[in-house]
Asker: 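The structure under discussion is supplied below as structure tokens; questions concerning it will follow.
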Amino acid sequence: MPSPAEVRQVVEKVCGTKGDDTVFEYVVSILEDGEFELGPNGEDAFEAFGAVLVDGGHFSNDEDCKAACKELAVQLGQDQAPAKSSFRVLAGGPFNMAEMNKATVHASERVSARDMIQTQFEGDEDLSLMTDKDVAKMKKKAEKDERAARAALAAHQARAAETMAGAAPQVQRNKGSMGSKDLHLENFSVSNGGQELIEDATVTMAFGRRYGLVGRNGTGKTTLLRAMAQHQIKGIPENCQILHVEQEVTGDDTTVIQAVLACDTERTQLLKEEQTLLKQLNKEAPDQTHATTANGHSATANGTAATPNGSSATAAESGATAADARDSNGAGSGDAAAVDGKAAVGKAADAAESKAAAQLAQVYKRLQEIDAYGAEARAATILAGLSFDNSMQIRCTRTFSGGWRMRIALARALFVEPDLLLLDEPTNHLDLHAVLWLEDYLVKWPKTLMVVSHARDFLNMVCTDILHLHSRKLTSYKGDFDTFERTATERLRNAKKAAEGQERQRAHMQAFIDKFRFNAKRASLVQSRIKAIERLGHSELIEEDPEYIFRFPAAEPVSPPILGFMDVDFGYPGGPTLFKNLNFGIDMESRFAMVGPNGIGKSTLLGLISGSLEPTKGTITRNAKVRMAVFSQHHVDGLDLALTPLAYMLASFPNTKDQEHRQHLGSFGIGGDLALQPMYTLSGGQKSRVAFAKVTFSKPHILLLDEPSNHLDLDAVNALIQGLATFQGGVLMVSHDQHLISSTVDELWQVESGTVKPFHGTFEQYKQRLRSSNSTTTKM
């Protein structure tokens, strides 16, 4: 067997190094596995990684890649095809045909007549009939397939990390005129992994407009944002600054406020230069202290800071005074030579100080032009809006979770104000307080914005235009999401009517042609009808997305009581008490949503209800027959992305038949080929649906949903709403999606000050209350 070094040399020789390095390393890692078989003429190798080599740029077409895989098999000594005998002999010797009916058919040779597909009968495989060699071969193949899948996942993750990696965003000034600030993107296409997602699209994005990008999960919305952020689409000027908020901020010892301010590199450099010049002039820096409040308001800087030119004048005056003092000291020495020497030194010092003072004046002028001393207040305002209080703003970024570091990344993008800001599901990591603040902030956004969101209320509030990605086409609509929905529905209805009318007209003329085709008297009329049909053409055909709903499996009836809290207290070890004296009950008809700011304990309360957490005081009674399903982002993050949805379900529930898993996945929109794709190729919403399928497979009586609409597209949110409407059980939800809450629950539970109490009002009234609270805090 070749050594790893020899394998690498062979791959480098055959495949070259001009393509993607990540793909090259992926292929090497597979071939270094001694158990991997390239197959006759390298056929298995081409099947395993041929497409990846072509996509990675190592080969221009499949034929060249197949030839290379064949050469790899030769070079690595795996091209020995099995020798074929000119005679065919039964392995077991002579066989009595009369005994044939008594023979047991081998499991691997059974044939199902269902759809005429040759396969093993589902659910009744008798592996005991297989030889040990056959079993070992099957296990070896399964292990090889899993290793290949995990290697492909590692290569995909490496490419994704490389794509998203980049320098921190920076405030850009004086970068030259872009001419017209509108973006004209003409006849562009976008693909991913060899699959065309957008074909020959043309879009004009007017400067200052706010665009909502909508479409079903997996249509390519995130891929389009990435292509735009990397200037891969023609029509985007090179000097157009684009920021795509996709990667969380790296956790280190930098404070939150400094992580945001560091984006203004010019300000940072000017402040450093100011300190250097002041030190050279033996002066202290002017007091630029900002007393930043939680709302981002700051006290005005002192008079020196507010008038930096005055500070520079003071610096120049101090230089002149120092020079006069040196002259008087030199004149009083009585030594002419010493006086001349000191005078020369004094003049040099005067010149240096004058130059430093002039430089300092320019620094102060530029600091004033870029509002350097107001930057900290602006950064603090943004962070406060995203729920960072004063103490949180001065904490190190490494002390925050991934969700909070995503908020810091969002704060940096808002602080930088790029020419085009791209936001992909910005509300996923925000509580309702922050969502409302972000809506108000983006409504006043001065430049161009494109946002992907599942929240229709957010899109209605923020967007001036909607871009609909459907059937590999982009269609632009004026207005908010509700306007788009009405317009798109009307357009589809009109297209159907036009197509139906055209088909009726075509059928009527065709019937006339068929009736009088051989009638000489009607020949001219027939010919005119034929030409009319040719001119008729075809009306615009708009492909309609198939409708689907989430179908939650029904559980058997359970007699009450279901669950009850009696005088329950809870606090994490070493921490304060989060809840005191909780008293409430839950039954199969319970439908409520818990609302409150992040960190108040909503997810903790779900943990107490589910039983994953135990109270520190009091009693929680649960019906032993009741099953609860908990859905949260943790379940999505815990998916084994190397597996297909079907393989993941089979691994999670091995005693269930393949067909049952297929049907259950299909009830959440994961059917057909989608169930057989590796999950790392699925969109975020499709992964969420797989997680839904897993947690509900046990036929729960109660659903505990923590932000269930995150990553789902708008159609999937509607499917979830319809599924919950037909679900025969209790629903407890934590969400900030107004459409989802208003359509599925009967009551709001407000979590605050260590208690849980009903909110007597609608979700819209709760939002108005929060807006009033936010505006009052801002005025303070």
Side-chain angles (χ1 to χ4, degrees), residues 1-85 117-119 137-138 140-160 162-163 189-197 199 223 472 641-644 647 672-674 676-682:
M1 185 181 73
S3 66
E6 291 172 338
V7 170
R8 180 175 292 274
Q9 289 177 357
V10 170
V11 176
E12 186 172 341
K13 176 182 176 182
V14 175
C15 300
T17 57
K18 65 178 181 179
D20 192 324
D21 291 339
T22 304
V23 172
F24 178 83
E25 294 297 333
Y26 163 54
V27 172
V28 170
S29 66
I30 290 180
L31 296 179
E32 285 178 347
D33 182 0
E35 297 183 359
F36 181 80
E37 298 177 359
L38 283 77
N41 297 322
E43 293 174 0
D44 291 351
F46 178 77
E47 183 179 348
F49 50 72
V52 179
L53 284 171
V54 174
D55 291 340
H58 289 274
F59 300 99
S60 59
N61 55 63
D62 288 349
E63 293 304 319
D64 292 345
C65 188
K66 287 180 180 178
C69 291
K70 181 178 180 180
E71 182 63 22
L72 284 174
V74 173
Q75 295 283 344
L76 297 176
Q78 292 194 27
D79 196 39
Q80 294 83 10
K84 294 185 178 179
S85 172
I117 298 175
Q118 291 188 347
T119 180
K137 189 173 182 180
M138 285 182 61
K140 183 178 179 181
K141 184 179 184 302
E143 291 171 356
K144 183 183 77 170
D145 291 344
E146 183 175 350
R147 283 195 301 272
R150 297 199 180 282
L153 171 61
H156 169 80
Q157 290 174 332
R159 287 197 301 271
E162 184 178 351
T163 299
S189 299
V190 175
S191 62
N192 185 23
Q195 179 184 3
E196 287 290 332
L197 300 175
E199 294 179 348
T223 304
R472 298 184 294 280
L641 300 183
L643 302 179
T644 66
D673 293 339
L674 205 58
L676 302 177
Q677 290 181 211
M679 283 193 285
Y680 69 81
T681 66
L682 304 183

Asker: Locate the shortest heavy-atom distance separating Cys15 from Leu72; write the atom from each residue and the value.
Answerer: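 Result for this residue pair: SG-CD1, 4.3 Å.
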Asker: Any idea which heavy atoms bring Pro678 and Ala642 closest together, and the distance?
Answerer: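 The answer is CB-O, 4.4 Å.
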Asker: Are Arg8 and Phe24 side-chain neighbours, meaning at least one heavy-atom pair lies under 4.5 Å?
Answerer: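 Heavy-atom side-chain distance check passes, below 4.5 Å.
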Asker: Carefully, step by step, assess Leu682 and Gln677 under the rule side-chain contact (heavy atoms from CB on, under 4.5 Å).
Answerer: CA-CA 8 Å; Leu682 304 183; Gln677 290 181 211; 3.8 Å; yes
Asker: Work out which heavy atom in Val28 is nearest to a heavy atom in Val7; give both atom names and the distance.
Answerer: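 Nearest pair, atom of Val28 first, then Val7: O-CG1, 4.3 Å.
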Asker: Can you tell whether the side chains of Lys66 and Glu71 come within less than 4.0 Å, N to carboxylate O?
Answerer: no
Asker: Compare all side-chain heavy atoms of Arg472 with those of Leu197 and state whether any distance is below 4.5 angstrom.
Answerer: no
Asker: Hey, what do you get for CG (Leu31) to CZ (Phe49), rounding to the nearest 0.5 Å?
Answerer: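 Answer rounded to 0.5 Å: 4.5 Å.
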Asker: Give a yes or no on whether the backbone of Asn192 and the side-chain of Gln195 come within a donor-acceptor separation of less than 3.5 Å.
Answerer: no
Asker: Given the rule in the side-chain contact (heavy atoms from CB on, under 4.5 Å) test, do Met679 and Thr644 qualify, once you have shown the distances and angles that lead to the verdict?
Answerer: CA-CA 5 Å; Met679 283 193 285; Thr644 66; 5.9 Å; no
Asker: What are the two closest heavy atoms between Phe46 and Asp62, and how far apart are they?
Answerer: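 Heavy atoms only, the tightest pair is CE1-O, 3.8 Å.
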Asker: Can you name the closest pair of heavy atoms from Ala68 and Phe59 and give their distance?
Answerer: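 For Ala68 and Phe59, the tightest heavy-atom pair comes out as CB-CZ, 3.2 Å.
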Asker: To the nearest 0.5 Å, how far apart are SG in Cys69 and CG in Leu53?
Answerer: 6.0 Å
Asker: Might you point out which heavy atoms bring Ala73 and Gly39 nearest each other, and give the distance in Å?
Answerer: CB-O, 4.4 Å
Asker: Mind checking whether Asn61 and Val54 have side chains closer than 4.5 Å, heavy atoms only?
Answerer: no
Asker: Using side-chain heavy atoms (C-beta onward) and a distance below 4.5 Å, is Gln75 in contact with Lys13?
Answerer: yes
Asker: Would Ser189 and Glu196 count as a side-chain contact (heavy atoms from CB on, under 4.5 Å) here? Give the steps.
Answerer: CA-CA 7 Å; Ser189 299; Glu196 287 290 332; 3.7 Å; yes
